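Just so it is clear, the structure is predicted and the values come from calculations on it, not from any experiment. Only this structure's heavy atoms are used, side chains among them; waters, hydrogens and symmetry mates stay out. We name chains A, B, ... by the order of the sequence lines, and we start the count at 1 in each one.
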Amino acid sequence: MFALVDCNSFYASCERVFRPDLEKRPVVVLSNNDGCVVALSKEAKSLGIKMCDPWFKIKKDYKQQGGIAFSSNYELYADISSRIMDILEQLAPRIEIYSIDEAFLDLSGIDSCVNLDAFGHQCLMTIKKWTGMPVSVGIGPTKTLAKVASYGAKKYPQTKGVVDLSSKERQKKLLKLMPVEEVWGVGRKLHQHLNKIGVTNAYQLAQLDLNYIRKRFNVVLAKTARELRGEVCIDLEEQPSTKKQIVVSRTFSRRVTDLNLLNEAVSDYAARAAVKLRREKQTCKLLSVFIRTNPFRKQDTQHREIFSVPFILPTNDSRDLIKAAREGMSQIFRKDLQYNKAGIMLSDFYDEGVYQLDLFNPQERKELDKNLMGLIDKVNTTNLGPITFLAQGIKKEWSMKREMQSPRYTTNWNDLLKVN
DNA sequence: TCTGGGGTCCTAGGACCC
DNA sequence: TCTGGGGTCCTAGGACCC
């Protein structure tokens, strides 16, 4: 048996924890650059606001209706998330942290000694009491059914936030009520195709012939159908698997035509990616750089391109990555175009310390470089930092806008909440 | 004026091998 | 006219997730 513990409107709820005056008010959180809505409270939903709505389009009406908006504050969200995950670790023997706001719990063992519905409420109340965050709990024999249960727990207030789908009858009842596009693994395209063959709810999907699904669609959807029937196909993954790629990309605060500024931006992203790569204790053999113009501006000449730079020896040295990023940029940059986004991608990973010996690059040098990077990373965790590379730029004219950000209540002494 | 960021998995097709 | 069979590896693109 699995439980899915899922925070309600996670980012919006985080903002409310330290602003109780916002309870019952519409709250939305915006993406980087205050671009579009990425999280919204129930009250904001009932004003007709949708996920991904561009902020500039809804801003005026929304504010008039008493809504409040925040720029995203990832430092705050990450900290609240880790507090919630710590609590869940105490409540269940095995958990899988699935995303910043969700975790699957393995309930085997627990299900034989306590009532599962009661256990769900215990999780919900403990998290509410210790962090102030509202969550829903869905319980089912497979992960996909736990997701279904969580859908029910959010959708129907009479469940008080917990749905237990242990029984076949309850599964059947809820699956029939659930639109097929709400199923975990069914996105926009599959939704359209399924509708075309007359499948509109989750129950119908579960009843389809598996061979037919494999032939007409693919093996992944067949797996989803089996999970909906109660057959475990997706296991709990306790250890986060090592990453296969690292991406750092940003939309600029304004359109950029200057190669120097683009170089600055990708150098900055490369340096950030290098830190992530070293945190994973990995090295990479490939760095790709990409840029694109604003696809929404139909009047502009469009250009998007990606260029990959291989390394002879795998590396996680910031200087190598920055150099490669600039090299790549010089290959794809075109004069007189208005770029609005750039990014870099690292791939082809190797464990740190596993590399072919190189005649021209003696071992001692490598150790020295490694120590240097380690030292920089260490300094940057203290308030002596940050140490950055000049290539990353100083003014960062291209960097994003976040005009409505809340304080970092839990991670910065200066932002600590004051009580008068 | 203003439209996010970071991931994974699967498949088809091409290049290449014997 | 008629041009094998079986395999692997890599890449790009599509679909999905949060």
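Using a 3.5 Å distance cut-off with no hydrogens or angles, the side chains of T200(A) and N195(A) do not pair a donor with an acceptor. Counting only N and O atoms by type, the side chains of E15(A) and S406(A) include a donor and acceptor under 3.5 Å apart.
Within the shown strands, dC10(B) is the pairing partner of dG13(C) under the Watson-Crick or G-U definition, both distances less than 3.5 Å.
To the nearest angstrom, P of dT8(B) lies 12 Å from CG of L346(A). dC2(B) atom C1' lies 10 Å from atom CD of E403(A), rounded to whole Å.
Using a 4.0 Å cut-off, some side-chain N or O of K244(A) falls inside it from OP1 or OP2 of dC9(B).
Along DNA chain B, the nucleotide closest to M400(A) and the one closest to V219(A) are compared, and the more 5′ of them pairs with M400(A). Checking K223(A) against M51(A), the closest nucleotide of DNA chain B that is more toward the 5' end is the one next to M51(A).
Nucleic acid contact class of Y98(A) (heavy atoms, under 4.0 Å, all strands): sugar-phosphate only. Among the heavy atoms of the strands lying under 4.0 Å from N294(A) are primed sugar atoms or P, OP1, OP2 only; no base atom is included. Residue K59(A) is out of contact with every strand shown, counting any heavy-atom pair closer than 4.0 Å.
With distances taken from any side-chain atom of K189(A) to the nucleotides dC18(C), dA15(C), dC10(B), the minimum falls on dA15(C). For C36(A), whose side chain is taken as the heavy atoms from C-beta onward, the closest listed nucleotide among dG7(B), dT3(B), dT8(B) is dT3(B).
Here, dT3(B) and dC18(C) have their P atoms 25 Å apart, quoted to the whole Å.
Taking a cutoff of 4.0 Å between a charged side-chain nitrogen and a carboxylate oxygen, D351(A) and K281(A) do not qualify as a salt bridge. In summary, E96(A) and K143(A) engage in a salt bridge, as defined by a charged side-chain N under 4.0 Å from a carboxylate O.
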